[in-house]
Peer 1: 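Below is the structure I would like to discuss, written out as structure tokens.
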Amino acid sequence: MAHRVFAAAAALGLAALHAPPSGREQRTAPHLAGTQLGPAPSAGAERADADPPVATNDNRHPAGRLAQGVLTVRLEARNGTWYPEGTKGIGLRVAAWAEEGKPLQNPGPLIRVAAGTEIRATVRNALAERAMIVYGFGDRRRAIPDTFRLAPGEVREVRFMAPAPGTYYYGATSGAQPFLSRRRDDSQLNGAIVVDPPGASAADRVFLISWWLQGDGPAADEIAVRGTMVVNGRSWPHTERLRMSVGDTVHWRWINVTAAPHPMHLHGFYFRVDAKGDGVRDTLYAPSERRLAVTERLGPGRTMALTWAPERPGNWLFHCHFARHISHYVRLGDSAPESADHPHRASPSTRHGQHGMAGLVLGIHVDPGRGVRHVRGAPEPRRLRLLVRSSLRADGEPPAYAYALQDGAIEPPADTMPLPGPALILEKNHPVAITVVNHAHEPTAVHWHGIELESFPDGVPNWSGERRRRLLQWAFPPPLLRPIPPGDSLTVRFTPPRAGTFMYHSHFNELQQIGGGLYGPILVLEPGRRFDPETDRVLLLSRAGSERTSPILLNGRADPTPIDLRVGVTYRLRFVNIFANGGVLVALLDGEVPARWRPVAKDGADLPPAQATMGPAKFGIAAGEIYDFEFTPEAPGDLALRLDLRGTISVVPVRVR
Ligand SMILES: [Cu+2]
């Protein structure tokens with residue numbers, strides 16, 4: 001029912017939803033209380049169109065005026081109506097930043113200077129009814145000495161020297177919540193501060209992740225999340241479409257001002273992690289410390305800088321790998337979650353499981369560039385047949401799903417529902433043609449996570465493919481990948497160019513299909529190398545369902561069998577995390593202390609030698625991440641593999657004989 005309120009508001013283009021300022025708080029707060037897990041709130045459905053709109057800020061144009069080594073910028077915070085799903089979508093009444101006399105922006109005006117520049121800012125609280133605590137205007141930013149309180153109407157001038165080169169941010173709160181726990185009307189009071197090395201060009205892009213949440217549960221608990229999550233003020237599919245060409249070099253800065261981490265995943269290509277920061281300090285990695293990744297966890301309040309180069313044309317994505325953060329739970333205008341093509345959704349928990357993404361997703365169009373040719377005339381592809389299955393369960397339970405691999409002409413028995421999906425053992429530089437046969441009750445699509453491939457087989461329905469500009473395009477549009485309907489199949493072809501550990505998983509209705517079992521590991525081996533299941537161990541972490549209470553599964557089991565190892569043998573442990581939501585701390589313990597092992601790869605890419613050094617056997621792994629380690633047990637005894645999911649501990653015995 002609440003959805004209809006949303007829909008009506010959206011249809012009218014009215015700004016409908018907000019947690020209003022204190023003057024009206026008494027009246028609307030009771031409606032908002034307790035909506036933590038409920039449907040979209042119907043509270044506060046009143047016109048807010050008296051407030052000026054908040055413009056989207058793509059962080060390309062620095063604010064203020066630079067003269068003689070001094071940047072002068074005049075900022076104020078005012079109320080406005082923000083449209084995270086485009087101006088035809090729902091408006092949220094929020095406080096936002098503006099340069100004085102200019103339109104409101106989300107994120108706030110970009111402060112961008114060269115190192116050594118003095119910043120003189122005036123900050124005005126024009127919220128009228130509320131005091132603000134302002135952060136970030138000083139060389140220690142979020143630290144206490146650089147925060148100050150502004151009474152309604154108050155103005156303060158601050159002066160500070162730009163800190164070391166890097167990515168930082170400013171912001172404000174107007175309620176009792178700590179900065180990172182803001183969730184409603186003050187949640188968009190954010191802006192980027194970028195300090196360039198002297199003489200450097202500013203040819204990069206700056207992206208800020210923020211959110212607006214309903215409910216009052218702990219904001220870091222992703223299960224409680226409903227609302228909107230945005231990149232530079234917009235939620236998918238209303239986020240900016242990035243355009244680039246094959247061969248371009250792309251520099252990105254990312255800022256996360258939410259209380260949750262976001263493991264950010266790039267399709268099709270690796271990026272290099274150049275810097276990580278916490279808003280106060282930014283650490284620029286030396287060349288030997290940089291790593292390649294396809295997924296990098298951006299923690300609460302953290303920043304990162306990435307570099308990558310698109311090598312193949314087509315449509316690609318950069319998105320959070322928490323299924324919840326790209327689901328309908330972070331769509332405000334979710335007015336029609338049920339549709340004719342999903343007749344089997346039965347339970348409340350799955351009713352809204354439509355495939356359309358929302359939230360933390362950026363779309364990237366790569367145009368063909370200066371003639372990167374792909375090798376043709378490669379060997380005959382190896383053919384695989386991957387069956388997608390589902391079984392509907394008792395009322396109230398989401399369906400179970402599975403991938404089954406067909407070997408030869410005969411399909412595996414219908415009750416073969418392996419969890420996880422079978423390991424696909426591929427050979428580097430050898431083409432593979434995988435026919436995905438959809439025997440499930442609903443459409444699906446498969447993403448080959450970490451594999452460097454063409455856009456079309458990458459697996460994002462209605463997105464993957466190459467929208468080339470060409471003659472008669474209006475009549476013969478180039479194909480985009482479509483979801484595979486039930487009873488249909490699709491053959492995807494790729495040639496893995498790199499040996500390592502990867503995974504495959506659904507990219508359709510992810511919360512339900514990944515939560516239900518549609519995932520499996522991919523091992524790409526060097527040519528001529530044979531897979532040895534004795535020394536090559538996949539440790540795939542997942543969960544049964546995506547809910548908070550579901551246990552950690554190791555290779556599909558909540559009660560994993562002990563791991564048996566032999567003294568003196570070198571094992572390759574391939575950790576894959578395909579939690580639909582969440583992350584886990586992993587430790588291989590010898591008594592109370594971690595054993596020693598050697599990290600060798602991240603996300604399928606070998607680590608540079610300087611990073612592949614012996615160290616304590618413990619690490620954190622977020623959804624969508626993959627880590628390989630080499631481990632050689634030196635003495636017989638009993639070790640333990642400890643998996644810690646936010647305090648819920650599983651211990652798997654490791655027996656060395
Ligand atoms: Cu996320």
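One-based numbering, in listed order, for ligands and for the atoms of each. Numbering of residues begins at 1 and proceeds along the displayed sequence.
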Peer 1: Any donor-acceptor pair under 3.5 Å linking the side-chain atoms of Glu311 with those of Tyr270?
Peer 2: no
Peer 1: Without hydrogens or angle criteria, can the side chains of Glu625 and Asn577 be said to hold a donor-acceptor pair below 3.5 Å?
Peer 2: no
Peer 1: Using only heavy-atom distances, determine whether the side chains of Asn57 and Asn106 contain a donor-acceptor pair under 3.5 Å.
Peer 2: no
Peer 1: Does the plane of the ring in His265 sit parallel, tilted or perpendicular to the ring in His321? Use 30° and 60° as the thresholds.
Peer 2: perpendicular
Peer 1: Regarding His267 and His449, is there a side-chain donor-to-acceptor distance under 3.5 Å anywhere?
Peer 2: no
Peer 1: Provide the protein N, O or S atoms situated under 2.8 Å from the Cu ion (ligand 1); waters are not included.
Peer 2: His262 ND1, Cys320 SG, His325 ND1
Peer 1: Would you kindly say whether Arg234 and Thr239 are connected by a side-chain donor-acceptor distance under 3.5 Å?
Peer 2: no
